[in-house]
Amino acid sequence: MDIDGLGDRFVDALVEFDMVHTPADLYGLTVESFVRMKALADERDGSTPETVKQGKVATKWAENLVASIEASKKSTLPRFLFALGIMHIGESTAKTLATWLGSLAVVRRTPAPVLRVLPDIGDEVATSIAAFFEQEGNEKVVDALLAAGITFADEGAPSPKLRDRLGLDVLLDAAKVPKLGPKSTALLAKTYASVQELVSAGEHNWIIAGVPSAAAANLWAYISDPTNYRKLVNDYADMAWLLDQLPAASATALPLEGHTYVITGTMETLKRDDATERLESLGAKVAGSVSKKTTAVFAGEAAGSKLDKAKELGVPVHTEADLLALLAEHGAAP
DNA sequence: AATGGCTGATGGCCAAAGAT
DNA sequence: ATCTTTGGCCATCAGCCATT
């Protein structure tokens, strides 16, 4: 959960001494817990300080830790998703999930085929996320963390842009039925409004609608398997639920939408995180590596290999002053 | 302990070639 | 004609190192 001052050392010790079994247990720790943990660790290492032997126990550090833990209850959705340690979910993908889906409740309930429509999320990553939230143990951990008082400052509605991307074809594409390609799934999604309609129409009508007979036969075989059918129905229900949450289409596009920037070196007036946040608030993406697709690189002091690469690829290189000007132009100046 | 940078491995995306 | 595979490129992830 990104708690200041709580590193691997302490966490390992807390687990070793049976004081913490799940992440949520951290929120039940007190100053006394940490002092006891430290005493046990010192005893094990034979490194009990003289002052402690004399009966003086330092507690300031433990007080700081407890305060840090308390402070970490006020989290953000991207940070929380990242902290869950889901395979293939780093900072960037966590942010994608948060901006597109809006809330933890939605993220938890979004089936893999639907996750696949988000940018930079394909088969592997979508499966990994859905599998994580399907595991009972993980469900419990997440619930326990929420019960411990974790809140998110930035939850909201899912992106209305999802409306265009979702449909029955999304589920059919994910099923990977042989011979059933994007043309056929798009056709079926246009013709039938739900899984029930699709099934009751039947193979014969699919062919009449224009689906190649081999593809139709494969799809019929796929749907005839009760496991597949149930999954299709469940996923469709979850997708419909998600569509229900979508707000009316958004107002205007953000000014820097579609642009990718890279920041390298040290900035004088802006911290890197701050600069990133401001650019993202304008719709830009801030990436970690330079390619031809990069809009521009903002280089501060002591820029290294990224600057070289930008020059090599002919990507525009700008200064910190340019960055400030760009932010000011769109009303996001510091 | 935290921050930032670097890098190898891997997933995602796109377009063109190949297969049915 | 549509589906499937392939290959190239890009971005992220995850682990490591140096610095402070």
Side-chain angles (χ1 to χ4, degrees), chain A residues 1-13 61-62 64-65 68-69 72 78-79 81-97 100 112-113 115-129 131-132 165 169 172-188 206-207 209-219 222 258-267 270-276 280 284-295 297-310 312-315:
Chain A
M1 301 304 130
D2 200 24
I3 296 166
D4 278 350
L6 190 66
D8 294 345
R9 283 273 145 73
F10 287 163
V11 173
D12 287 347
W61 64 279
N64 289 341
L65 275 175
S68 293
I69 289 172
S72 76
R79 209 165 73 195
L81 291 171
F82 177 43
L84 290 175
I86 305 169
M87 278 252 274
H88 304 299
I89 306 306
E91 243 179 332
S92 175
T93 313
K95 233 175 244 177
T96 302
L97 288 170
W100 281 83
L115 291 170
R116 263 172 38 111
V117 310
L118 306 187
D120 303 318
I121 296 181
D123 255 339
E124 287 289 327
V125 178
T127 306
S128 171
I129 297 165
F132 179 91
R165 302 195 177 207
D169 52 337
L172 295 176
D173 286 337
K176 296 253 182 325
V177 175
K179 309 282 181 197
L180 188 75
K183 284 270 191 275
S184 300
T185 55
L187 184 63
L188 288 169
W206 302 342
I207 295 169
V211 176
S213 58
N218 287 340
L219 178 57
Y222 177 85
H259 291 279
T260 305
Y261 299 97
V262 173
I263 302 171
T264 184
T266 323
M267 300 272 161
L270 277 178
K271 282 199 172 176
R272 179 179 293 248
D273 283 352
D274 195 15
T276 301
E280 284 176 347
K285 186 168 177 194
V286 179
S289 60
V290 181
S291 77
K292 324 189 256 192
K293 292 187 174 177
T294 308
T295 307
V297 172
F298 291 109
E301 274 305 302
S305 62
K306 287 173 197 166
L307 180 57
D308 299 338
K309 186 146 190 198
E312 183 191 326
L313 295 172
V315 172

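Just so we're on the same page: letters track the sequence lines, and every chain starts at 1.
- Side-chain nitrogen and oxygen atoms of A:Ser184 include at least one within less than 4.0 Å of the OP1 or OP2 phosphate oxygen of C:dC3.
- Side-chain contact between A:Leu97 and A:Ile129 is present, with heavy atoms from C-beta onward closer than 4.5 Å.
- No donor-acceptor distance shorter than 3.5 angstrom exists from the side chain of A:Ser72 to the backbone of A:Ile3, with no hydrogens or angles considered.
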> How does protein contact run along nucleotides 4-16 of chain B, one letter per nucleotide 5' to 3', with B for base contact, S for sugar-phosphate only, - for none, heavy atoms under 4.0 Å?
Replying inline: SSS----SSS---
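- The salt bridge (Lys or Arg N to Asp or Glu O under 4.0 Å) search around A:Asp274 returns A:Arg278, not counting sequence neighbours.
- Remark: A:Ser291 is in phosphate contact with C:dA11, judged by side-chain N or O atoms under 4.0 Å from OP1 or OP2.
- Proximity note for A:Thr93 (side chain, C-beta onward) versus B:dA1, C:dC10, C:dT12: the nearest is C:dT12.
- Under the 3.5 Å distance criterion, the side-chain polar atoms of A:Arg272 are matched with a main-chain donor or acceptor of A:Gly265.
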>> Please determine whether side-chain contact (heavy atoms from CB on, under 4.5 Å) holds for the pair A:Leu180 and A:Asn218, giving the CA-CA distance in whole Å, both sets of side-chain angles, and the decisive distance to 0.1 Å.
In response: CA-CA 8 Å; A:Leu180 188 75; A:Asn218 287 340; 6.0 Å; no
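- Rounded to 10°, the angle separating the first-five-pair axis and the last-five-pair axis of the helix from B:dA1-C:dT20 to B:dT20-C:dA1 equals 20°.
- One atom, CZ of A:Phe82, and another, C1' of C:dC13, lie 9 Å apart when rounded to the nearest Å.
- Taking 4.0 Å as the cut-off between side-chain N and carboxylate O, A:Asp123 and A:Lys176 count as a salt-bridged pair.
- In the set C:dC9, C:dT12, B:dA1, the nucleotide with an atom closest to the side chain of A:Ser289 is C:dT12.
- Distance, A:Glu91 CD to C:dT12 P: 11 Å, rounded to whole Å.
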Using the 3.5 Å cut-off, write out each protein N or O paired with an N or O of nucleotides 15-17 of chain C and the distance between them.
none

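- Near-neighbour residues of DNA chain C inside residues 175-183 of chain A, defined by a heavy atom below 4.0 Å, number-ordered: A:Pro178, A:Lys179, A:Gly181, A:Pro182, A:Lys183.
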>> Using the rule given for side-chain contact (heavy atoms from CB on, under 4.5 Å), can you reason through A:Leu187 versus A:Ser184, listing the C-alpha separation, both sets of side-chain angles and the distance that settles it, and then say yes or no?
In response: CA-CA 5 Å; A:Leu187 184 63; A:Ser184 300; 5.5 Å; no
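- Spacing between atom NZ of A:Lys95 and atom P of C:dC13 amounts to 10 Å, rounded to whole angstrom units.
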>> Please determine whether side-chain contact (heavy atoms from CB on, under 4.5 Å) holds for the pair A:Leu6 and A:Leu65, giving the CA-CA distance in whole Å, both sets of side-chain angles, and the decisive distance to 0.1 Å.
In response: CA-CA 7 Å; A:Leu6 190 66; A:Leu65 275 175; 4.0 Å; yes
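- Between the CD1 atom of A:Ile89 and the P atom of C:dA14 there is a distance of 8 Å, rounded to whole Å.
- The interatomic distance linking A:Tyr261 (OH) with C:dC10 (P) rounds to 19 Å, in whole Å.
- In terms of position along DNA chain C, the nucleotide closest to A:Pro212 lies nearer the 5' end than the nucleotide closest to the other residue of the pair A:Pro212 and A:Ser92.
- Between B:dA2, C:dT12, C:dC3, one nucleotide has an atom nearer to the side chain of A:Lys285 than all others, and that is C:dT12.
- Note that OG of A:Ser289 is 6.5 Å distant from NZ of A:Lys309, once rounded to the nearest 0.5 Å.
- Checking side-chain atoms of A:Thr295 against main-chain N and O of A:Thr260 turns up a donor-acceptor pair under 3.5 Å.
- Here the P atom of nucleotide C:dT12 and the CD1 atom of A:Ile86 are 18 Å apart, to the nearest Å.
- Residues passing the side chain to side chain donor-acceptor pair (under 3.5 Å) test with A:Asp12: none are found, sequence neighbours excluded.
- Proximity of A:Leu118 to A:Val125: side-chain heavy atoms (C-beta onward) are nowhere separated by under 4.5 Å.
- Looking only at distances, a side-chain donor or acceptor of A:Ser68 sits under 3.5 Å from a matching main-chain atom of A:Asp4.
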>> The test is side-chain contact (heavy atoms from CB on, under 4.5 Å); show your working for A:Leu188 and A:Asp169 and say whether it passes.
In response: CA-CA 7 Å; A:Leu188 288 169; A:Asp169 52 337; over 6 Å; no
